[in-house]
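Step one of this worksheet: look at the structure below.
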Amino acid sequence: QVRLVESGGGLVQAGGSLRLSCAASGRTFSSSAMGWFRQAPGKEREFVSSMTWSAGRTYYADSVKGRFTISRDNAKNTVYLQMNSLKPEDTAVYYCAATAPYYRGSSGTLRGAVAYDYWGQGTQVTVSS
């Protein structure tokens, strides 16, 4: 059974940092693109960041560019999201997602939730002002 489990969320003051982790199990995810999405109360789920499986290219939403960094450790089957300079508007449930193996979609499609076949249960990030 394929599982993605996020951890590392919590309460932090504005300007602080958190590192989210997403541990994958059930199969190796070294050949999958990985992504992070978030959903704030009353809002739709939105793209945060993604990383391709092949060249390791990274993509970010404009709202987090320069503050967040996605990375992966294929040996540990884990993807990370380092979040710095957090703002109250970053408050949301953060979800990890993975595509099917050898996903060949464009970088643009990785910004859409439909590109991903596997999702974690989410971890809450709350940023106080």
Side-chain donor/acceptor of T91 to backbone N/O of V127, under 3.5 Å: yes

Minimum side-chain heavy-atom gap L86-L18 below 4.5 Å: yes

Heavy-atom pair of closest approach, residues S17 and S85: OG-N, 4.3 Å

Minimum-distance pair of heavy atoms, taken over all atoms of V79 and C96: CG1-SG, 3.8 Å

Any donor-acceptor N/O pair, S49 side chain to Y59 backbone, under 3.5 Å: yes

Atom of V64, atom of R38 and distance for their closest heavy-atom approach: CG1-NH1, 3.9 Å

Test of ring centre spacing under 6.0 Å for F47 and F37: yes

Short side-chain to backbone donor-acceptor contact, Y103 and T52, under 3.5 Å: no

Heavy-atom donor-acceptor pair, D73 side chain to T78 backbone, under 3.5 Å: no

From C22 atom SG to W119 atom CH2, the distance as rounded to the nearest 0.5 Å: 10.5 Å

Side chain S50, main chain M34, donor-acceptor under 3.5 Å: no

Whether R111 side chain and V48 backbone form a donor-acceptor pair below 3.5 Å: no

Short side-chain to backbone donor-acceptor contact, E6 and G122, under 3.5 Å: yes

Side chain to side chain contact (heavy atoms under 4.5 Å, CB included) between F68 and N84, worked out: CA-CA 6 Å; F68 291 11; N84 299 328; over 6 Å; no

Any donor-acceptor N/O pair, T99 side chain to A33 backbone, under 3.5 Å: yes

Minimum heavy-atom distance S32-R27, with the two atoms named: OG-NH2, 3.0 Å

Aromatic plane relationship, W53 with Y102 - under 30° parallel, 30 to 60° tilted, over 60° perpendicular: perpendicular

Contact summary for G120 and Y95, nearest pair of heavy atoms: O-CD2, 3.6 Å

Y80 side, atom OH; T69 side, atom OG1 - distance, nearest 0.5 Å: 14.0 Å

Euclidean distance, E46 CD relative to Q39 CD, rounded to 0.5 Å: 9.5 Å

Min side-chain heavy-atom separation V93-T123 under 4.5 Å: no

Which atom of Y116 lies closest to which atom of L110, heavy atoms considered: OH-O, 2.6 Å

Between CG on residue D90 and CE on residue M83, distance to nearest 0.5 Å: 7.5 Å

Separation between OH of Y60 and CZ of R67, rounded to the nearest 0.5 Å: 12.0 Å

N/O donor-acceptor pair under 3.5 Å between N77 side chain and A24 backbone: yes

Any donor-acceptor N/O pair, R3 side chain to A23 backbone, under 3.5 Å: no

